[in-house]
Amino acid sequence: MFVTTADPVLEPPIITVNTVVSFWVPFCKKYNVQVRAPLRYFSGKPEGSTDSNNTPEFKQEWLQMKDMYDNLRQKIELDEFQKSNPCHGEFDIFSNTEKTNHPTIIQVIWENKECLADGLPHLIYISREKKPKQSHHFKAGAMNVLTRVSGLMTNAPFILNVDCDMIVNNPKVVLHALCILLDSKGEKEVAFAQFPQQFYATLKDDPFGNQMAILIKYLTAGIAGLQGPFYGGTNCFHRRKVIYGLFPDSMEKGNRLSKDELEQKFGDSKEIMKTVHDALEGKTYLPNHTNISMAIDIAAQVASCGYEHGTGWGKYVGWIYGSIAEDKLLGLTIHEKGWRSELCTPSPIAFTGFAPGGGPIAMAQQKRWAIGLLEIFFSKHCPIFGTIFHKLTLRQCLAYMWIINYWGLKPLFELCYACLLSYCIITNSNFLPMDLGICISIAFFVSYKIYTISEYLSAGLSYRAWWNNQRMSRITRMNAGFCAFVCILLKLLRISDTVFDITKKDVPVRDDAEDDKDAGRFTFDESLVFLSGTTILLLQLTIMFIKLLGLQPLMPTHNGSGVGEIFCSIYLIICLWPFFRGLFEKGKYRIPFSLVSKSIILTWCFIHLALLAPWLISMANQNSFPLYEKHRYKYTYKRVTESLLLILLLLLLGYRVISVNNYSFPWFVAFVCESWFTLSWFFTLSTQWSPALIKTYPERLLQSVQELPRVDMFVTTADPVLEPPIITVNTVLSLLALDYPPHKLACYVSDDGCSTLTFYALQEASKFAKFWVPFCKKHNVQVRTPFRYFSAKPEVSTASNTPEFKHEWLQMKNMYDDLSQKIELEASQKSNPSHGNFAVFSNTERTNHPSIIKVIWENKEDLEDGLPHLIYISREKRPKHSHHFKAGAMNVLTRVSGLITNAPFMLNVDCDMIVNNPKIVHHALCILLDPKGQKEVAFAQFPQQFYATLKDDPFGNQMTILIKYLAAGLAGLQGPFYAGTNCFHRRKVIYGLSPDHVHKGNSISEKDLKQKFGASKELMKSVACALEGRTYSPNAVNIANVIEAASQVAGCGYEYGTGWGKQVGWIYGSLTEDVLTGLTIHERGWRSEICTPNPIAFTGFAPGGGPTTMAQQKRWATGMLEIFVSKHCPIFGTLFHKLTLRQCIAYMWIHNWGLLPAFEVCYACLLAHCIITNSNLLPQDLGMCIPVAILVIYKVYTVSVYLAEGLSIKAWWNNQRMSRITPMNAGFCAFLSVLLKTLGMSETVFDITKKDLPPTNDVGDDKDGGSNNYQVIRNATSGGNSKQERVWNW
């Protein structure tokens, strides 16, 4: 009897011990124990017991046996010998040995010297010699050593081999096997008797599909009717003479071999040759009669790694080499000689093992089987050759081809089929029949599923077991099978060799593993065996997403993908459900990130190769690549649903028109309001109809431009109370630390509050920046805003964890804390110093002070590793002068920066919009410097997104859905609106340049320059350079020299009689100067682009609380209405300028923020009127179905949109209710404000949105963060205007 084990870690010795243990043999025989493995016999739920009565003698012996087994197990688990590493006595031979480098070790652990019938069998330990440069042929080599050593010691005519985890379940297994091997017919024909592999402690419903209940039942029975079952590598009784190469024809006469033939085949050991000779002739021979120990020296010789060289071992005799599935190969060669084999299935079953659990173990085993079978197929031992040239029967050949195909060949075709599904859906083509021919495929699928279900049910298994085996047959072949195919391909190409992976064996805690809830869960590791399955899943999910959104290209040669392809793809996703869960689980149940990353890359490659192959070919023929691309796609579901809602709204209007009998005042008002609602919905539909996505390629930028251009960065703040300087400081620090050459950057901070605190904070921040910026660049910090980087829950950090980094991190943290404390202390003291740099602030008021321009930091030598310029500006203000709010401040920044640095591009951000992606300049310049973008694009707008957001968006101002769909929709038109922040402008466009003049520049006379830009000669010169595209800086090194000229252009009277605010710069006339400026740019024919890099470019903090939110929304709505009722109305832009019709509709959509509230309030009041007067405004008959359908479809549609984005139902509801609250409060108040302004009764006021620095990174923990608060807000007076308006807000 041969027991093989190879690794004490993967195959714990306690398992091997249970397979061979014999210390309790008398006990087992005395009490007729059925299951004689102590592990199972003493388990909590033993499957076998004794027939003995419950006598005191039996109880006492049972307890003794259990204590002895427990002691044995504890000894092994404690591993005392290994820890002490003994080098004396029996263990002396193990000294200085390694797993792959040691001499032969043979130890007789127990010898039945007197051949006692009631004694114990011999027990012999063998560890064959191994040397690093010698091939050991895995398990096949070990079996051949066992065959030779056993031939020298006992030379039994029959050999039983079992794996170390296959325990005997039927103590009469030898008798059953000999019934076959000693039968008169069996002696002539049968080479081996194979017992099936069956399992104990199985998991319920076979979650890993490796218990093979149906396979064993039907396949083994089928093969038994042919030439016989395959050799399974374990649980098999062999005839020794067959292992020595005997043919059936030679059975009766023996196989007399000459001495030379014996030596050539079996080696030069005389003892081996003699034992082989006797075995082949059927003689019983024992060279050392009863003393086995005397044969150890000879046995050690034949167990050496060099003994087989030049012999037939592994070629003609013994276990055959050439495949890691040595069992199938040996069985095949035996069958090729003409032998038969028989399957033996006694009751109770003969052997039981423990089926491997978890993904990695199951896949490793399946992969090894598949590799071994493929090695056989691609070798001279291919079953086809066995039938053609040897005695393998045709049907037995087909049986071998079945097992080779099932594990080795079929996976390639299954994977190709899965990829073909994806290809067809991506390219909008098909491979399944589109006509009635599809019925054939359906019949195949349905018939097969019904047939397999019936098999499982008839075998007493459950539907769940059937499904687990169905999905695992897909998973196994697409993962282990395909990986095996790749390994064989690499072996055939001589790139690498195959490896024998030992299947890990685990001792089950109890016989019934069903109670363990996690036992059946699929586990993963970083092995590449899971790569193909993960990739196929991601590919199917991606193509279904593409299909749902209708993003496939329309190809004239393709008929479109049908229902069959979609169904197959969905079925495949369901089969790969464990992998889908693995994307979101934790720990060992999660697919490792490295594996997912590789799969994403492969998915991306497949999709692009399938979809963009023509584009790649055409682009390969060009000399240059675009710096950015616009990908257009379709939201089919959105289009259909929104169109349906528009139709229903039109039906409602039609119903009101034709319902003559219902005409009344409420009916008419409802008709008017609903008409506007319908028009509003049309605005929405048109704006979002053709979405697009911008993809930038910053890695191509440096290859396309010789030198990166300068960029001026503008930060605006107006009130140190509402906009605390610490927020402005963090924004400035994030800008100074951008991944862009510092000598190409300049940061200008506009302080409309003329605050010494803001100036002081910036001065201190510049000192901190000298350390912060190098730190960020050295450690590749992602979010370069100190308060977020050092927050309690930092969202971004660095990968470095060295002592040097920790030390520097702590230094930076302490420095930032000191900076914060200084600013807070200065704010609390409210001091107003009048000395040094602060002398200019003496006798100043917020609305009455001269221009103040201070160079806080100057990169005088244009050092590439220095800091960008940092310049503080507080423009002149006088009580009787209009300052035009933020637009006026932006124009001052434009003029001052034009004098100092005159960069061709300008970035403007609000003081609370921090940089989240240090590569933003590169992304923006990809758009602005692209050959096409240079001619057409005026500005690149980054969306406003937020950090530290409140859970479920209680104030409905995070605008997640709005940003996604509106921004994408606008990108498909003339471009996004200018949002007032996070925007890169082209300076020459701000100076009034039209697209028509881009090529030739805009050379204008000095008179026109003076008329438009003012009397400053320095400014006129810089404007001329900017318009002509020339780099001009009046004082290339010393900025301080232009401070006086800069102070002049920052004066409040400089703009009088010029084109500032009318034709050039930021346009005046609206509180939303951003939308107005963007509109005038679009009217000239320019386009804009939305840029959405990953990670997102900028993040801000969404205003919380009712008053702040409502004040912001009111200002926006007021500004929109001011534009609508002015000469800048988008309708005029389309009629008289170059604003496209659909862009006009998009502007009408956003201006509707100010118009819609009036109709909503009217509709709400109309509801109250009807209830008070007992009248109606909604239809009373079947026409009621229309508004009901509108309500239901709209709500379901919006809910689905929120859920699709991963948002909650509560977030949806918060946005729904706030979409009612905001228009009825802030929107309606804005409508009244503009109405009073239009009637000349009042003036609108710019309310600054209060900014707060969140205490932590996650405000979701604040239970009061989303609660409403109420207060009365008075609008501040503007420019000496004493008129005030009282607004009640939340």
Side-chain angles (χ1 to χ4, degrees), residues 1-4 20 104 106-117 119-126 128 140-162 174 177-178 181-182 186-187 190-193 236-247 250-259 261-304 307-308 311-314 316-319 330 334 339:
M1 299 178 290
F2 299 165
V3 181
T4 53
V20 302
T104 301
I106 301 177
Q107 293 288 319
V108 179
I109 296 174
W110 175 262
E111 182 180 0
N112 190 350
K113 293 182 179 180
E114 299 177 3
C115 293
L116 299 175
L120 297 180
H122 305 308
L123 179 58
I124 299 154
Y125 170 88
I126 301 170
R128 58 183 171 138
M143 293 301 298
N144 283 336
V145 168
L146 286 171
T147 304
R148 293 194 295 271
V149 171
S150 66
L152 287 171
M153 293 186 173
T154 50
N155 204 30
F158 301 106
I159 302 169
L160 163 64
N161 92 279
V162 293
V174 178
L178 293 180
L181 297 170
L182 294 180
E187 279 191 303
V190 179
F192 59 86
C236 186
F237 282 82
H238 290 277
R239 202 180 295 275
R240 184 182 288 270
K241 60 179 67 178
V242 175
I243 297 297
Y244 284 165
L246 188 68
F247 284 78
S250 307
M251 191 65 185
E252 292 183 5
K253 59 181 181 179
N255 189 11
R256 296 180 182 275
L257 298 175
S258 66
K259 183 178 180 182
E261 289 176 319
L262 284 171
E263 185 175 349
Q264 182 181 354
K265 283 187 177 181
F266 298 96
D268 57 2
S269 170
K270 294 180 180 179
E271 290 79 2
I272 279 288
M273 287 191 284
K274 189 172 184 182
T275 62
V276 170
H277 178 269
D278 288 346
L280 290 174
E281 293 190 351
K283 296 179 182 177
T284 302
Y285 170 72
L286 188 63
N288 295 286
H289 302 292
T290 57
N291 191 351
I292 294 175
S293 302
M294 295 177 63
I296 287 183
D297 291 339
I298 303 170
Q301 175 194 347
V302 301
S304 65
Y307 181 80
E308 293 180 350
T311 69
W313 287 101
Y316 320 113
V317 298
W319 270 253
L330 174 63
I334 290 172
W339 287 103

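These numbers come from a predicted model, not from an experiment.
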May I ask you to decide whether Glu263 forms a salt bridge with Lys270, counting only side-chain N to carboxylate O separations under 4.0 Å?
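Result for this pair is no, no salt bridge flagged.
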Using a 4.5 Å cut-off on heavy atoms from C-beta on, say whether the side chain of [Y] contacts that of [X].
| X | Y | result |
| --- | --- | --- |
| Arg240 | Ser150 | yes |
| Ile296 | Ile298 | no |
| Leu182 | Glu187 | yes |
| His122 | Val108 | no |
| Trp313 | Lys265 | no |
| Tyr307 | Ser269 | yes |
| Ile159 | Phe2 | yes |
| Ile124 | Ile109 | no |

Between [X] and [Y], which heavy-atom pair has the shortest distance, and what is it?
| X | Y | value |
| --- | --- | --- |
| His238 | Cys236 | NE2-SG, 3.6 Å |
| Ile334 | Ala191 | CG2-CB, 3.4 Å |
| Leu160 | Val162 | CD1-CG1, 4.0 Å |
| Ile106 | Met153 | CG2-CE, 3.9 Å |

Of Leu152, Thr147, Leu146, Val145, the residue whose pairing with Val149 passes side chain to side chain contact (heavy atoms under 4.5 Å, CB included):
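Output: one option passes, namely Val145.
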Qualifying residue, where the test is ring-ring contact (aromatic ring centres under 6.0 Å, His included) with Tyr244 and the options are Trp319, Tyr316, Phe266:
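For Tyr244, the ring-ring contact (aromatic ring centres under 6.0 Å, His included) check succeeds only for Phe266.
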Is there a donor-acceptor contact under 3.5 Å from the side chain of Glu281 to the main chain of Asp278?
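Checked: no pair found.
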Quick one: does any side-chain atom of Arg239 pair with a main-chain N or O of Leu181 as donor and acceptor, under 3.5 Å?
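Indeed, once roles are kept as given, a pair shorter than 3.5 Å links the two residues.
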How far apart are the C-alpha atoms of Lys259 and Gln264, what are their side-chain angles, what is the distance that settles it, and do they pass the side chain to side chain contact (heavy atoms under 4.5 Å, CB included) test?
CA-CA 8 Å; Lys259 183 178 180 182; Gln264 182 181 354; over 6 Å; no
Worked verdict on Met143 versus Leu330 for side chain to side chain contact (heavy atoms under 4.5 Å, CB included):
CA-CA 11 Å; Met143 293 301 298; Leu330 174 63; over 6 Å; no
Do other residues, nucleotides or ligands put more than 12 heavy atoms under 6.0 Å from the CE atom of Met273?
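Count over threshold, so yes.
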Working note: Val242 + Trp339, criterion side chain to side chain contact (heavy atoms under 4.5 Å, CB included); need CA distance, chi angles, decisive distance, verdict.
CA-CA 9 Å; Val242 175; Trp339 287 103; 3.4 Å; yes
Reported OG1-to-CG distance for the pair Thr104 and Asp297, which is rounded to 0.5 angstrom:
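Here the interatomic distance stands at 11.0 Å.
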